[in-house]
Engineer: 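Here it is: the structure, laid out below.
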Amino acid sequence: MIRSITGIDVAGKRVLVRVDFNVPQDDSGAITDDTRIVESLPTIMSIVDRGGVAVLMSHLGRPKGTRDPKYTLRPVAEHLAALMRSRGVAVNFAAECTGAVAEGAVAKAPFGSIVLLENLRFHAEEEANDAAFCEALARLGDIYCNDAFGTAHRAHASTAGIAHLFAERCAGLLIMKELEYLGSALANPKRPLVAIMGGSKISGKIDVINALLSSCDTILVGGGMMFTFLKAKGLNVGSSLVEEDRIELARELMQRAADAGVQLLIPTDTIVAPAFADTTDNRIVSVEAIPDGMMGLDIGPDTQKRFADVIRSAGTVVWNGPMGVFEFAHFQGGTRTVADAMADATASGVVTIVGGGDSAAAVTQFGHAKNVTHVSTGGGASLEFLEGKALPGVVALES
Ligand code: AMP
């Protein structure tokens, strides 16, 4: 069983919380998107409002085990302090995540306040899940709480190794929500269950497609990976992205889908361009007529319409990966249409789940983050969850 932070008495206690404050920053260090900080506030407030100290730990970027000032969490502490000012909650920054500096900051923090520790990944021991590092971190709290779903698929010190050192351990509200939505989507879905798979390659998503083949009614395939499927069907794909070493696998997946009675829908048209660029020099072609030297960068309008119809008539939809190169204005139509259809479907009662990463960025970009049932905060973690794998950061919370 996994307990929620809300069911734990935190008054007069120090709660060591693993948050995901890995926020994007510009060259000057300014935070360009504070969604991750804002989303962690319910868990943080649940601690400080009930008279506990929230001792927050996170990673930021990839400093590779050394203290690199570019990746300091200090600007994040300042941002959090600004968000907390109107609530009258003090935020202190500890310039170390373990040792005397961190222990001193935690000891002097009044109940009802927040301490943010410096970047965990300044120490190689974090990703190595080092036992002594876990113990050093564990000295900073009476209760352990994990609310960083985005790193829950990694067995690091702060996400996994540390948990057993606490008699009381729990999940924060973000992880509880992920478990509720991703868990029920698969365990007990409202049918038909439709999965939309996109993104660049099949290779990173084989396990999830395999797992979905045994649970879904329909799988829609878009993005770069569609061309490996088209090639497996014997079609010419021009200079589109193809994983030659996965063609056989694509063929097997299509056969498995047919055997299992799962509809695997591959696009019938695509938008091609002569180069990987955001160019007006593009046109719609049937997938049976992709010219040599042209590459497909989005799904075409017929496919967009067909996918949108399937989404609107689903019971549950799980989406992972963009339908095209949505970073380019000329090739974002497919991804936008899917995002719009997800929003429409949600309004008429379909359960819609966006599996993190690029698809989460896309629904946000198209203004639909609030118009779907659930946007997962973890790309890799949500994929592994959908694959049916146990997430180390979640397993470690079990009591
Ligand atoms: P992934 O990380 O595998 O989910 O892939 C996401 C990336 O796939 C995005 O950056 C998209 O630009 C890219 N992508 C989507 N469709 C295509 C395509 N047709 N050709 C090349 N890249 C694509």
Side-chain angles (χ1 to χ4, degrees), residues 22 24 150 153 195-212 219-233 235-247 249-250 253 265-279 281-287 290-291 293-304 307 318-339 342 353-366 375-387:
N22 185 29
H153 59 315
I196 314 167
M197 298 302 297
S200 56
K201 295 178 177 172
I202 303 188
S203 40
K205 295 181 185 169
I206 299 165
D207 292 341
V208 72
I209 298 176
N210 260 321
L212 292 170
I219 301 181
L220 311 177
V221 174
M225 68 166 73
M226 68 188 253
F227 300 101
T228 302
F229 282 96
L230 292 171
K231 194 144 188 198
K233 288 172 88 169
L235 296 171
N236 178 33
V237 296
S239 53
S240 305
L241 183 68
V242 166
E243 288 173 280
E244 295 289 344
D245 56 344
R246 299 285 188 246
I247 293 173
L249 173 86
L253 290 171
L265 298 184
I266 315 285
T268 51
D269 57 348
T270 175
I271 305 179
V272 295
F276 189 81
D278 194 5
T279 169
D281 183 11
N282 65 71
R283 62 191 150 104
I284 302 160
V285 296
S286 153
V287 294
I290 299 176
M294 298 290 267
M295 60 176 72
L297 297 179
D298 199 2
I299 56 174
D302 288 346
T303 306
Q304 292 176 22
F307 282 11
V318 180
W319 179 21
N320 189 287
M323 296 292 97
V325 185
F326 77 108
E327 298 92 337
F328 293 161
H330 292 96
F331 302 99
Q332 59 178 220
T335 305
R336 181 192 290 274
T337 301
V338 163
M342 293 278 283
I353 294 163
V354 181
D358 280 319
S359 351
V363 284
T364 304
Q365 180 180 329
F366 301 132
V375 181
S376 176
T377 49
S382 65
L383 268 182
E384 292 199 14
F385 196 99
L386 295 174
E387 285 162 19

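Indexing begins at 1, ligand by ligand and atom by atom, following the structure's order. Keep in mind that the numbers below use all heavy atoms, side chains included, and drop hydrogens, waters and symmetry copies.
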Engineer: Tell me: protein heavy atom nearest atom 2 (O) of ligand 1, and distance?
Structural biologist: D358 OD2, 3.8 Å
Engineer: Donor-acceptor pair, D298 side chain versus I271 backbone, under 3.5 Å?
Structural biologist: no
Engineer: Give yes if a backbone or side-chain nitrogen or oxygen of G224 is under 3.5 Å from a nitrogen or oxygen of ligand 1, and no if not.
Structural biologist: yes
Engineer: Below 4.0 Å from ligand 1: does a non-hydrogen atom of F331 turn up there or not?
Structural biologist: no
Engineer: What atoms of ligand 1 come closer than 4.0 angstrom to any heavy atom of F227?
Structural biologist: 19 (N)
Engineer: When V338 is tested against each of F326, W319, F366 for side-chain contact (heavy atoms from CB on, under 4.5 Å), which residue passes?
Structural biologist: W319
Engineer: Quick check on contacts: which atoms of ligand 1 are under 4.0 angstrom from a heavy atom of G199?
Structural biologist: 1 (P), 3 (O), 4 (O), 5 (O), 6 (C), 8 (O)
Engineer: Step by step, would you call D269 with T303 a side-chain hydrogen bond (donor to acceptor under 3.5 Å, both in side chains)?
Structural biologist: CA-CA 6 Å; D269 57 348; T303 306; 2.5 Å; yes
Engineer: Is a side-chain donor or acceptor of D278 paired with a backbone partner of A329 at a separation under 3.5 angstrom?
Structural biologist: yes
Engineer: Provide, to 0.1 Å, the distance between atom 4 (O) of ligand 1 and the closest protein heavy atom, together with that atom's residue and name.
Structural biologist: K205 NZ, 3.0 Å
Engineer: Of all the heavy atoms in M226, does at least one lie under 4.0 Å from an atom in ligand 1?
Structural biologist: no
Engineer: Among protein heavy atoms, which sits nearest to atom 23 (C) of ligand 1, and what does the distance come to when rounded to 0.1 Å?
Structural biologist: V325 CG2, 3.6 Å
Engineer: When you measure from atom 19 (N) of ligand 1 to every protein heavy atom, which one gives the shortest distance, and what is it?
Structural biologist: G296 O, 3.0 Å
Engineer: Taking S200's backbone N and O only, do any of them form a donor-acceptor pair with K205's side chain (distance below 3.5 Å, no angle check)?
Structural biologist: no
Engineer: Has the side chain of E243 got a donor or acceptor atom that lies under 3.5 Å from a matching backbone atom of M225?
Structural biologist: no
Engineer: For G198 and ligand 1, does the shortest N/O to N/O distance drop below 3.5 Å?
Structural biologist: no
Engineer: Does any N or O in the side chain of T228 come within less than 3.5 Å of the main-chain N or O of V242, such that one atom is a donor and the other an acceptor?
Structural biologist: no
Engineer: Name the closest protein heavy atom to atom 5 (O) of ligand 1, giving the residue it belongs to and the distance to 0.1 Å.
Structural biologist: S200 N, 2.9 Å
Engineer: Closer than 4.0 angstrom: is that true for some heavy atom of G204 and an atom of ligand 1?
Structural biologist: no
Engineer: Check whether any N or O atom of E327, backbone or side chain, sits under 3.5 Å from an N or O atom of ligand 1, and answer yes or no.
Structural biologist: yes
Engineer: Taking the side chain from T335 and the backbone from P322, do they hold a donor-acceptor pair closer than 3.5 Å?
Structural biologist: no
Engineer: Just by modelled atom types, is the I290 backbone N or O under 3.5 Å from a matching donor or acceptor in the N236 side chain?
Structural biologist: yes
Engineer: Go through ligand 1 atom by atom and flag the ones less than 4.0 Å from a non-hydrogen atom of L297.
Structural biologist: 19 (N)
